[in-house]
Amino acid sequence: MITVEEAHRIVLSNCSVASIVLENINDVQGYNLAEDIYADRNFPPFDRVTMDGIAIRFEDYSKGIRTFKINGIAAAGSEQISIHKSGECVEAMTGAMLPENSDTVIRYEDLEIEGNKVTIIAERVTHGQNIHREGEDRKKGDLILRKGKRIEAPELGVLATVGKNMVKIYQRPKIAIISSGDELVNVDTKPEPHQIRKSNNYSIQGALTQFNCEIDQFHLLDDPDEITNKIRGILNEYDVLILSGGVSKGKFDYIPEALMQLDVKKLFHRVKQRPGKPFWFGKSKEGKTVFALPGNPVSSFMCTHKYVLSWMRWHLGLTEPTIYAELASDINFKPNLTYYAQVKLTYSKTSKILAHPIEGNGSGDLANLTDADAFMELPMGKEIYKAGEVYEVIRFR
Ligand SMILES: Nc1nc2c(c(=O)[nH]1)N[C@H]1C(S)=C(S)[C@@H](COP(=O)(O)OP(=O)(O)OC[C@H]3O[C@@H](n4cnc5c(N)ncnc54)[C@H](O)[C@@H]3O)O[C@H]1N2
Ligand code: MOO
Ligand SMILES: [Mg+2]
């Protein structure tokens with residue numbers, strides 16, 4: 001049996017970063033950027049007029065000139081035009097390049113126009129008003145989107161602005177979530193007294209939706225041939241297999257044997273942790289990744305968060321901040337295992353994150369998870385974890 005640290009290291013050292021593909025900007029929303037994006041021009045690329053009106057030299061205004069002769073019109077998309085002499089102005093539209101030799105824009109609402117004469121009626125005009133200065137937001141060459149960032153609507157706008165019609169993204173893996181056990185029936189089925197409805201599939205899938213991957217669900221009955229044949233087919237089609245159940249010491253726990261028959265190399269089986277001790281991890285010859293999680297709902301849920309999500313983030317070039325919390329009350333845990341205590345998190349006025357233990361009835365008690373927010377990772381080698389001590393937490397909401 002290996003330690004949690006060892007298990008986590010093996011999982012990540014057997015995680016290749018996703019292949020990088022170049023996709024059209026119309027097809028990348030929800031993916032993670034696989035390249036740093038830099039400003040190809042200043043943001044904005046020129047002094048941009050922000051209100052429809054006229055552009056003048058503030059010097060004329062400060063000398064008391066209030067009526068100007070209009071000598072042209074600067075439209076958004078037209079090349080830059082100039083003001084040539086004092087007392088002249090140019091009509092300037094929002095989005096236009098600020099006319100040369102001008103430095104102040106007054107909107108139409110503050111003007112009276114007669115023929116080609118315009119008089120300023122505004123109470124106050126300030127130098128440089130109604131202009132979005134070149135490079136005010138970002139400078140040419142600035143890093144504006146970092147590799148690993150998830151592409152949502154705002155990022156699409158910036159990618160378009162810098163001309164990225166083809167974008168490098170991390171290809172997301174195809175995932176198979178596979179439950180196993182004769183006792184399990186579908187959510188829409190009325191169980192017999194000896195049966196239960198499948199739940200792990202939903203909670204595992206729920207933990208993975210953040211990555212927007214293609215996920216399919218499968219179920220295996222406790223039949224060695226069925227298990228081997230079905231997993232063989234799934235291994236051909238999917239990049240990541242997440243099984244739950246059938247990995248402990250039971251007579252019908254066929255999964256490790258089946259995986260061995262399918263040449264999936266066992267990288268470890270059993271970890272010094274609770275819940276999740278019987279966790280099995282391996283890789284097929286073709287490089288497919290197999291997480292065979294313990295069947296108990298809290299075990300599979302914890303292993304999903306501690307190991308599978310870490311693998312996914314690494315694979316997709318994502319980083320996740322480590323969160324620590326302070327224990328609000330003592331926890332006693334005798335076995336020499338790393339203990340993942342379920343906790344509810346609150347935030348003290350001194351901006352501390354407090355972790356309140358939510359005991360529950362062991363790793364079969366999936367309902368207890370609905371009262372908790374995270375697992376607090378309590379390291380091996382202690383039996384009492386005192387209030388006030390700080391430990392890492394793995395949030396699941
Ligand atoms: N003699 C020993 N027995 C057990 C040990 C051990 O070390 N020695 N380990 C215990 C621990 S720890 C765990 S965790 C479980 C894990 O067992 P399996 O991975 O073989 O899981 P199953 O036996 O298939 O099922 C366990 C339990 O979970 C329920 N289950 C399974 N799949 C689902 C699902 N998709 N949705 C909801 N519930 C599910 C199943 O009905 C069982 O009640 O082994 C202990 N035993
Ligand atoms: O591994 Mo366990 O402790 O029942 O989840
Ligand atoms: Mg079992």
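Every number for a ligand or one of its atoms is a count from 1 in the order of the listing. Since the structure is predicted, the reported quantities are computational estimates derived from the model, not experimental observations.
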(message) Under a 3.5 Å cutoff, is there a donor and acceptor pairing between the side chains of Ser179 and His219?
(response) yes
(request) Look at ligand 1 and say whether Gly364 reaches it with a heavy atom at a distance under 4.0 Å. (result) no
(message) I need the nearest protein heavy-atom contact for atom 3 (N) of ligand 1: residue, atom name and distance, please.
(response) Ser248 OG, 4.1 Å
(request) Pull out every atom of ligand 1 sitting under 4.0 Å from any heavy atom of Gly246, numbered as shown with elements. (result) 18 (P), 19 (O), 20 (O), 21 (O), 22 (P), 24 (O)
(request) Kindly confirm or rule out an N or O of Pro294 lying under 3.5 angstrom from an N or O of ligand 2. (result) no
(request) State the atoms of ligand 1, each with its element, that fall below the 4.0 Å cut-off from a heavy-atom position in Lys198. (result) 36 (N)
(message) What protein heavy atom lies closest to atom 5 (O) of ligand 2? Include the residue and the distance to one decimal.
(response) Ser299 OG, 2.0 Å
(message) List ligand 2 atoms under 4.0 Å from Lys277, heavy atoms only on the residue side.
(response) 1 (O)
(message) Less than 4.5 Å apart, side chain to side chain, heavy atoms only: is that true for Lys174 and Ile215?
(response) no
(request) Kindly confirm or rule out an N or O of Glu183 lying under 3.5 angstrom from an N or O of ligand 1. (result) yes
(request) Would you confirm whether the ring centroid of Tyr307 sits within less than 6.0 angstrom of the ring centroid of Phe279? (result) yes
(request) Decide yes or no for Ile106 and Tyr61: does some side-chain heavy atom of the first lie under 4.5 Å from some side-chain heavy atom of the second? (result) no
(message) Show me which atoms of ligand 1 lie under 4.0 Å from any heavy atom of Gly245.
(response) 19 (O), 21 (O), 24 (O)
(message) Counting only heavy atoms not in Lys149 (residues, nucleotides, ligands), do more than 12 fall under 6.0 Å from its NZ?
(response) no
(request) Assert yes or no for the condition that the ring centre distance of Tyr170 to Tyr31 is strictly below 6.0 Å. (result) no
(message) Quick one, Ile20 and Ile169 - any side-chain contact, counting heavy atoms below 4.5 Å?
(response) no
(request) Answer yes or no: does an N/O atom from Asn200 fall short of 3.5 Å to an N/O atom of ligand 1? (result) yes
(request) Can you pull out the closest protein heavy atom to atom 12 (S) of ligand 1? Residue, atom name and distance to 0.1 Å, please. (result) Pro278 CD, 3.7 Å
(request) Ignoring angles and geometry beyond distance, decide whether Leu184 reaches within less than 3.5 Å of ligand 1 through its nitrogen or oxygen atoms. (result) no
(message) Tell me if the CZ atom of Phe333 is crowded by more than 12 foreign heavy atoms within 6.0 Å.
(response) yes
(request) Report yes or no: do Gln129 and Thr126 form a side-chain donor-acceptor pair below 3.5 Å? (result) yes
(request) Any chance you could lay out the side-chain hydrogen bond (donor to acceptor under 3.5 Å, both in side chains) test for His356 and Ser329, step after step, and finish with the verdict? (result) CA-CA 7 Å; His356 307 264; Ser329 54; over 6 Å; no
(request) Would you check if Val105 and Thr50 make a side-chain contact, meaning some heavy-atom pair closer than 4.5 Å? (result) no
(request) Go through the side-chain N and O atoms of Asp188 and Asn186 and say whether any donor and acceptor fall under 3.5 Å apart. (result) no
(request) Look at the rings of Trp311 and His315 and say which category their plane angle falls in: under 30° parallel, 30 to 60° tilted, over 60° perpendicular. (result) parallel
(request) Report yes if the side chains of Lys382 and Leu378 come closer than 4.5 Å at any heavy-atom pair, otherwise no. (result) no
(request) With heavy atoms of Arg274 as the reference, note each atom of ligand 2 found under 4.0 Å away. (result) 3 (O)
(message) Counting non-hydrogen protein atoms only, what is the nearest one to atom 30 (N) of ligand 1? Give residue, atom name and distance.
(response) Gly295 O, 3.4 Å
(request) Under 4.0 Å from a heavy atom of Pro278: give me the atoms of ligand 2 that qualify, with their elements. (result) 1 (O)
(request) Could you tell me the residue and atom name of the protein heavy atom closest to atom 13 (C) of ligand 1, and the distance to it rounded to 0.1 Å? (result) Asn296 ND2, 3.5 Å
(message) Side chain, backbone, both or neither: which applies to Asp253 and ligand 1 if a contact is any heavy-atom pair less than 4.0 Å apart?
(response) side chain
(message) Counting non-hydrogen protein atoms only, what is the nearest one to atom 36 (N) of ligand 1? Give residue, atom name and distance.
(response) Ser199 N, 2.9 Å
(request) Name the closest protein heavy atom to atom 2 (C) of ligand 1, giving the residue it belongs to and the distance to 0.1 Å. (result) Lys249 CB, 4.2 Å
(message) Show the atoms of ligand 1 that are less than 4.0 angstrom away from any heavy atom in Ser179.
(response) 35 (N)
(request) Pull out every atom of ligand 1 sitting under 4.0 Å from any heavy atom of Lys277, numbered as shown with elements. (result) 7 (O)
(message) Can you report which non-hydrogen protein atom sits closest to atom 1 (O) of ligand 2, along with the distance?
(response) Gly276 N, 2.6 Å
(request) State whether the shortest distance between N or O atoms of Val247 and N or O atoms of ligand 1 falls below 3.5 angstrom. (result) yes
(message) Does ligand 1 come near enough to Pro294 that some N or O of the ligand is less than 3.5 Å from an N or O of the residue?
(response) no
(message) If only side-chain N and O atoms count, and only distance matters, is there a donor-acceptor pair under 3.5 Å linking Asp253 with Ser248?
(response) no
(request) Indicate whether the side chain of Ser86 and that of Asp60 have a donor and an acceptor atom separated by less than 3.5 Å. (result) yes
(request) Could you check if a side-chain atom of Cys303 sits within less than 4.5 angstrom of a side-chain atom of Gln273, using non-hydrogen atoms only? (result) yes
(message) Looking only at protein heavy atoms, which one is nearest to atom 4 (O) of ligand 2, and what is the separation?
(response) Ser363 OG, 2.5 Å
(message) I need the nearest protein heavy-atom contact for atom 38 (N) of ligand 1: residue, atom name and distance, please.
(response) Ile196 CD1, 3.6 Å
(message) Taking 4.0 angstrom as the limit and counting only heavy atoms of Asn296, give me the atoms of ligand 2 inside it, by number and element.
(response) 4 (O)
(message) Are Ser82 and Pro99 packed together at the side-chain level, in the sense that at least one heavy-atom pair is separated by less than 4.5 angstrom?
(response) no
(request) Just the protein N/O/S atoms under 2.8 Å from the Mg ion (ligand 3), please, no waters. (result) Asp253 OD1, Asp253 OD2
(message) If you count heavy atoms of other groups shown closer than 6.0 angstrom to OH of Tyr202, is the number above 12?
(response) no
(message) Tell me whether the count of non-hydrogen atoms from other residues, nucleotides or ligands lying under 6.0 Å of NZ in Lys168 goes above 12.
(response) no
(request) Pull out every atom of ligand 1 sitting under 4.0 Å from any heavy atom of Asn201, numbered as shown with elements. (result) 35 (N)
